[in-house]
Each structure stands twice: as C-alpha cells, then as structure tokens.
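One structure is given here, and the rest of the page talks about it.
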There are 2 protein chains.
Amino acid sequence: MAETENSIAIPQDFDGLKAMILERKTQLPKRLRQVAAYALDHPDEIAFGTAASIATSADVQPSTLVRFAQHFGFEGFSSLQQIFRARLRERTPGYDERLKALSGNDHSKLESGSIFNGFVAAAHRSLDNIATSVEPEAFERAVNILAGAETIYLVAKRRSYPISGYMAYAFGKLKVRYQMVGTAAGIDDDILAMAGPKDAAFAVSFSPYASESVNQAKLLATRKVPVVSLTDSAFSPLAESSKVWFELVEADHAGFRSLSASMAFAMALTVAVAEKRRRITEERVIE
Amino acid sequence: MAETENSIAIPQDFDGLKAMILERKTQLPKRLRQVAAYALDHPDEIAFGTAASIATSADVQPSTLVRFAQHFGFEGFSSLQQIFRARLRERTPGYDERLKALSGNDHSKLESGSIFNGFVAAAHRSLDNIATSVEPEAFERAVNILAGAETIYLVAKRRSYPISGYMAYAFGKLKVRYQMVGTAAGIDDDILAMAGPKDAAFAVSFSPYASESVNQAKLLATRKVPVVSLTDSAFSPLAESSKVWFELVEADHAGFRSLSASMAFAMALTVAVAEKRRRITEERVIE
DNA sequence: CGAGGAATAGAACATCCATTCCACAATTCC
DNA sequence: GGAATTGTGGAATGGATGTTCTATTCCTCG
C-alpha cells in the first residue's frame with residue numbers, strides 16, 4: 001500500500017484537521033465519511049474515548065478508525081486522538097491568535113527573538129488565567145482586611161521581592177503606611193514584633209517557597225495579624241497561615257515563570273486598598 | 001483492609017474533589033500528598049495521561065495513584081480520572097463567549113472588581129504594544145553588549161526598581177555577575193567608580209525621570225561604560241547616554257501605569273543575555 | 001454481466017495498561 | 001524499646017487496547 005499522504009502536511013491542530021476533513025469529505029468512502037461526521041460532531045468523545053468505545057458509538061469497526069486516521073496522514077488512531085486532546089487543553093480564549101500573531105512577526109528571525117516572543121506570550125497567558133482564577137469575593141475581602149489595617153507588612157523574598165517592591169513604592173505614593181519585611185538581614189524579627197491585630201500583612205511566595213517568608217507569615221498569624229497571601233498552589237504552606245489567599249499560576253517560558261499576572265494583581269490590590277481607605281476616611285470626617 | 005470511606009460521599013465533580021483534597025491534605029501520608037499536589041497543579045495531565053505516565057511525572061509509583069484514588073473513595077485510579085475528564089468536557093464551548101464573559105465578568109459587580117479588571121486589561125494592552133515597539137535588531141544589539149560585559153550594573157529607582165530587582169534575582173540564579181546601583185544611599189558613587197569599559201549597564205527610568213538614575217547613566221557613559229536603557233519616550237534624558245535604548249509605553253489604569261510589559265522585557269533580556277553568555281563560554285572552551 | 005480493485009469487517013496479535021499483591025520500611029502506640 | 005499498624009515500592013497478572021492482517025463484500029467499469 002502506498003502512503004496515502006506524505007506530500008501534504010499532516011494537520012497539527014484541530015482547526016487544520018477540521019478544514020482538511022471538510023475539504024475532502026465528499027471524496028471519502030462511505031464508512032470513512034461516517035467517521036468524519038462523527039468526529040466533527042462529537043470531538044469530546046474522540047478525545048476521551050477508546051478506539052473500541054468510539055467505534056461502537058459511531059457504529060463502525062475499530063479498524064475503520066485507524067484507517068481514517070491514516071487517510072489523513074497520521075500514523076494511527078492514537079496520534080490523531082492527540083489533536084482532539086490538545087484542543088481541550090488549550091482552552092484559553094484568544095490565546096491561539098495571539099501566539100500566531102507573535103510567531104509571525106520578525107522577532108523570530110533573530111537569535112534572541114524567540115526568547116523575547118516566548119516571554120511576551122507567557123505573560124499574555126498568565127493574564128488570561130488571572131481573571132478566572134481570582135475570585136472577586138476573595139479579592140474584596142482581601143481589600144477590606146488590608147484597608148482596615150494601621151500598618152501593612154509586606155513579606156516577600158527572592159522572585160517575589162519585586163512585587164512587594166512595587167507595592168512599597170505605590171503605598172508610599174498613596175500615603176498608606178507600610179513596612180517591608182526582609183530587606184536588611186537580622187532586624188526582621190524586631191519589625192515583626194511590632195505587628196499586632198490592628199495591622200495586617202501581605203505575603204507573596206511561589207514554589208519553591210522561601211522558608212523565611214513562610215515562617216514569618218506563620219509568626220504573624222500566631223500574633224493575630226490577619227494575613228493575605230499570594231501563592232501558586234493550594235498546597236502552599238502560606239495558605240494555612242492566611243485569612244485570604246490567592247492561587248495564581250504564572251505561565252512560564254524556558255522554565256522562567258512570568259511575573260506579569262502577579263504584578264497586575266499587586267497593582268490592583270494596592271490601588272483598591274488605597275481607594276477603600278480614602279472612602280473610609282471620608283466617611284469618618286462626615287460623621 | 002477496611003473501606004477507607006464509604007460513610008462520606010465520594011466527590012462527584014472536580015470542585016468537590018478539590019475541596020476534599022484540600023480539607024485532608026494535612027493528614028495525608030507523604031506520597032499521597034505528593035500526588036495531591038501534583039493533581040491540583042496539573043489537572044490536564046491527570047485527565048489525559050495514563051497512570052504510568054502520570055506516575056513518572058509526579059515521581060511516584062503507579063500503585064500510589066491507585067491508592068490515592070481509593071483513599072478518596074473511588075474504586076480505582078480510572079474512576080478518579082473521570083472527574084478530571086469531566087472537568088474539561090464541561091468548559092469547552094464558545095471561544096467568543098468566554099472572551100465576552102471575561103470583560104463582563106462578575107468582578108465588575110463588586111466594588112473593587114473594576115479596579116482589578118482595569119489593571120489586567122492595562123497589562124494586556126501593554127503586552128500587545130511591546131511586540132511592535134521593540135525592534136528585534138536593537139534587542140539583539142543590547143543582548144550582545146550585556147553578554148560581553150564583565151559586570152552588569154543595574155540602575156533603577158522608584159517605580160522601575162522592581163524591574164532591576166527581578167533582574168538581580170535572575171542574574172544571580174544564572175550566575176551572571178551584576179551590581180545593583182542605588183540600594184543603599186551614599187555608596188553609589190563608589191560602586192560606579194569601579195565600572196569601566198569592560199563592563200556594561202542597564203538603566204530603567206520612566207517619566208518623571210528620577211534625576212539620580214539619569215545622572216548615574218550619564219556618569220557611566222562618560223566613563224566609557226556602554227549603557228542599555230529602557231524608557232518611555234524618545235525624549236528621555238536617558239536616551240542620550242545610551243548605546244541602545246528602548247521606548248516602551250506602558251498602558252495605564254486610573255493613572256497607574258502597568259509594569260507587565262517592562263517585566264516581560266526584562267525577563268527576556270535577562271535570559272537572552274545569559275543564554276548568549278553560555279554560548280560564548282562554550283565556544284571559548286572548544287577553541 | 002462479470003472481472004478487477006478498493007473498501008470493509010472481524011479475528012488475531014503484540015503491547016501496554018490499571019490493578020493487585022506482597023515484602024519491606026516507617027511510623028505510631030503501648 | 002518493642003509490637004502493632006500504616007505506608008510504600010516494585011514485581012506479577014489478567015484484561016483491555018490499538019493495530020495489523022486477511023477473507024469477504026461492495027462498487028465500478030469494460
């Protein structure tokens with residue numbers, strides 16, 4: 001038997017496959033057309049089912065599925081199935097278009113360009129996730145806790161440090177009293193000793209969790225200081241010390257995780273807290 | 001062996017399962033907790049993978065996966081896997097609807113929600129701009145300059161400080177020698193006095209330009225230190241001191257400019273420099 | 001109408017899978 | 001500190017899976 005298709009490219013994504021199926025469906029033999037119709041009508045079934053179960057549903061033989069896949073250039077049914085699974089994986093809206101737009105620009109021609117593109121794409125993906133992963137109610141509670149605090153303690157190390165660095169800058173501008181923890185070594189405990197129930201803390205730590213940050217958050221929690229935290233897993237040791245915590249998974253490129261979503265989150269939180277404070281103060285003045 | 005759980009209901013959907021896992025995670029044995037963390041962090045992997053492949057990824061034995069499933073009342077791993085698959089099934093349709101849902105999501109109903117949405121949107125806009133505004137050739141030149149330097153001096157103040165803060169962290173991880181300028185007051189001049197033509201500097205400053213940063217960049221330029229800079233206007237005083245400079249306009253929300261694009265840029269630059277260095281070193285070794 | 005070739009069904013096969021089982025290690029509880 | 005219990009790793013196993021092969025059926029065209 002001659003190779004059915006090796007001159008024309010094998011579809012790499014679902015859209016490409018769909019287009020190819022539609023293009024050829026009239027020339028397809030009876031059973032294969034039957035499979036084609038079923039595949040486009042029940043893509044989820046193809047993604048999750050086994051060849052046997054799909055064959056039963058589509059009322060064909062398992063071998064027909066294999067032949068179908070091979071007709072479109074795949075090695076077997078399994079490799080065709082990957083296309084259907086990938087479709088479910090990449091559910092983020094607008095993501096595909098963005099990626100295509102990126103890879104189409106002239107950055108990719110140069111050596112360092114793909115690195116640049118990669119990080120921009122990772123940042124986009126992170127931001128796409130953040131809107132769904134952060135619950136508005138939790139955000140509101142976090143804002144209330146921090147807005148009610150006399151002093152806000154900022155806990156972050158290493159990779160998370162830039163985030164608290166920004167918040168420190170912004171809080172300063174907005175005239176919100178804050179205290180950074182962990183800038184100079186040794187005096188952290190003294191600083192934390194001043195914190196009390198009237199204050200609040202914001203801690204950031206991503207895996208691998210800096211043990212210092214975790215311990216400081218724990219210490220604050222035992223001192224009845226309400227802690228709001230930002231982390232990347234429900235299993236983060238930070239979560240247990242926190243009154244409110246946010247799970248925020250940053251996309252990565254080449255193993256370097258983005259900070260864009262965390263940054264956006266930090267900005268929003270900072271400004272929302274300042275805004276809330278302003279309102280509280282005004283109400284007090286009126287009364 | 002006694003039935004682990006038949007008094008309490010078996011989770012029927014992903015949210016229920018997630019809640020139960022979080023509830024019990026502290027009591028879970030070591031390996032099972034490992035699986036729990038992996039499962040919640042990589043739900044897609046669980047949905048599509050085989051027990052063997054997942055076990056390898058999560059660094060446990062396949063049998064551990066089965067025991068994990070049974071601990072939560074499932075008959076075996078396969079039935080637990082159904083939960084993860086159902087989760088993907090349910091949230092497939094409607095790319096367009098999803099996009100709309102995002103912009104009109106329930107964040108906006110709450111007080112602080114619009115602030116949150118605003119910052120995420122601003123970050124997206126910034127990133128959309130960055131790909132067009134940064135010229136690949138310039139980026140390549142910047143990478144070459146910094147990769148050739150003995151020590152990289154990082155100059156940034158105030159709002160830009162988090163950017164150099166991240167770069168310092170990443171350079172440290174990547175074993176690239178760097179020196180931050182402007183951390184402790186007073187000794188900056190001494191630090192800068194050590195810089196020479198063999199080194200290079202990366203300066204970040206957005207309007208209103210911190211006069212310190214501008215002056216330090218000037219000083220470095222007169223000492224023949226090549227300067228790469230990131231700023232937001234062609235008229236920036238930084239530009240004249242720089243060998244290569246990038247104009248990067250961040251979108252803003254409520255007057256607070258995003259940092260997401262700058263951050264992505266900084267990450268890309270950092271990694272690209274490290275990558276280039278690695279290559280240079282390898283070539284030297286070969287010769 | 002009947003030969004030739006493609007398409008198909010169904011069985012056979014080799015592979016891979018989830019699960020079970022058991023010996024050993026770790027932990028807990030007297 | 002020893003006994004009992006629980007947790008863990010790794011091999012064994014029975015079953016199911018995707019694929020291949022071949023006999024048969026179904027078209028098509030002379």
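In the text below, chain A, chain B and the rest are named by the order of the sequence lines, each starting its count at 1. Atom set for the values below is all heavy atoms of this structure, side chains included, hydrogens, waters and symmetry mates excluded.
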Which protein N or O atoms sit under 3.5 Å from an N or O of nucleotides 28-30 of chain C?
none

Measure all distances between protein nitrogen or oxygen atoms and nitrogen or oxygen atoms of nucleotides 21-25 of chain C, and list the pairs falling under 3.5 Å.
none

Pull out every protein N or O sitting under 3.5 Å from an N or O of nucleotides 15-18 of chain C, one pair per line with the distance.
{"residue": "dA18(C)", "atom": "OP1", "partner": "Ala51(B)", "partner atom": "N", "Å": "2.6"}
{"residue": "dA18(C)", "atom": "OP2", "partner": "Ala51(B)", "partner atom": "N", "Å": "2.8"}
{"residue": "dA18(C)", "atom": "OP2", "partner": "Ala52(B)", "partner atom": "N", "Å": "3.1"}
{"residue": "dA18(C)", "atom": "O3'", "partner": "Ser78(B)", "partner atom": "OG", "Å": "3.1"}

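Between Phe48(A) and Phe48(B), the angle of the ring planes stays under 30°, which puts this pair in the parallel group of the 30/60° scheme.
Out of dG7(D), dT20(C), dT8(C), the shortest distance to the side chain of Leu32(A) is found at dT8(C).
Residues that satisfy the side chain to side chain contact (heavy atoms under 4.5 Å, CB included) test with Thr151(A), not counting sequence neighbours, are Tyr153(A), Arg177(A), Gln179(A), Asp199(A). Applying the side chain to side chain contact (heavy atoms under 4.5 Å, CB included) test to Val271(B) and every residue at least two apart in sequence or in another chain returns Ile115(A), Phe119(A), Phe256(A). Taking Thr50(B) as the reference, Ala52(B), Ser53(B) meet the side chain to side chain contact (heavy atoms under 4.5 Å, CB included) condition, with sequence neighbours excluded.
Using a 4.0 Å heavy-atom criterion, one finds that Leu65(A) contacts no nucleic acid atom at all.
Distance check: Phe77(A) CZ to Gln70(A) CD gives 12.0 Å after rounding to the nearest 0.5 Å.
Rounded to a whole Å, the CD atom of Gln70(B) is 16 Å from the P atom of dT6(D). Atom CZ in Phe48(A) sits roughly 19 Å away from atom C1' in dG18(D) (whole-Å rounding). If you take CD of Gln61(B) and P of dT20(C), they are 16 Å apart, rounded to a whole angstrom. Nucleotide dG18(D) holds its C1' atom 11 Å from the CD1 atom of Ile54(A), rounded to whole Å.
Under the 3.5 Å distance criterion, the side-chain polar atoms of Arg223(A) are matched with a main-chain donor or acceptor of Ala193(A). The closest donor-acceptor contact from the side chain of Thr231(A) to the backbone of Ser205(A) lies under 3.5 Å.
In this structure, Asp232(A) pairs ionically with Arg257(A), as a charged nitrogen and a carboxylate oxygen lie closer than 4.0 Å. Using a cut-off of 4.0 Å between Lys/Arg side-chain N and Asp/Glu carboxylate O, Lys18(B) and Glu247(A) are scored as salt-bridged.
One side chain, Ser262(A) or Glu250(A), offers a donor N or O that lies under 3.5 Å from an acceptor on the other. Between the side chains of Asp128(B) and His124(A), at least one donor N or O lies within less than 3.5 Å of an accepting N or O.
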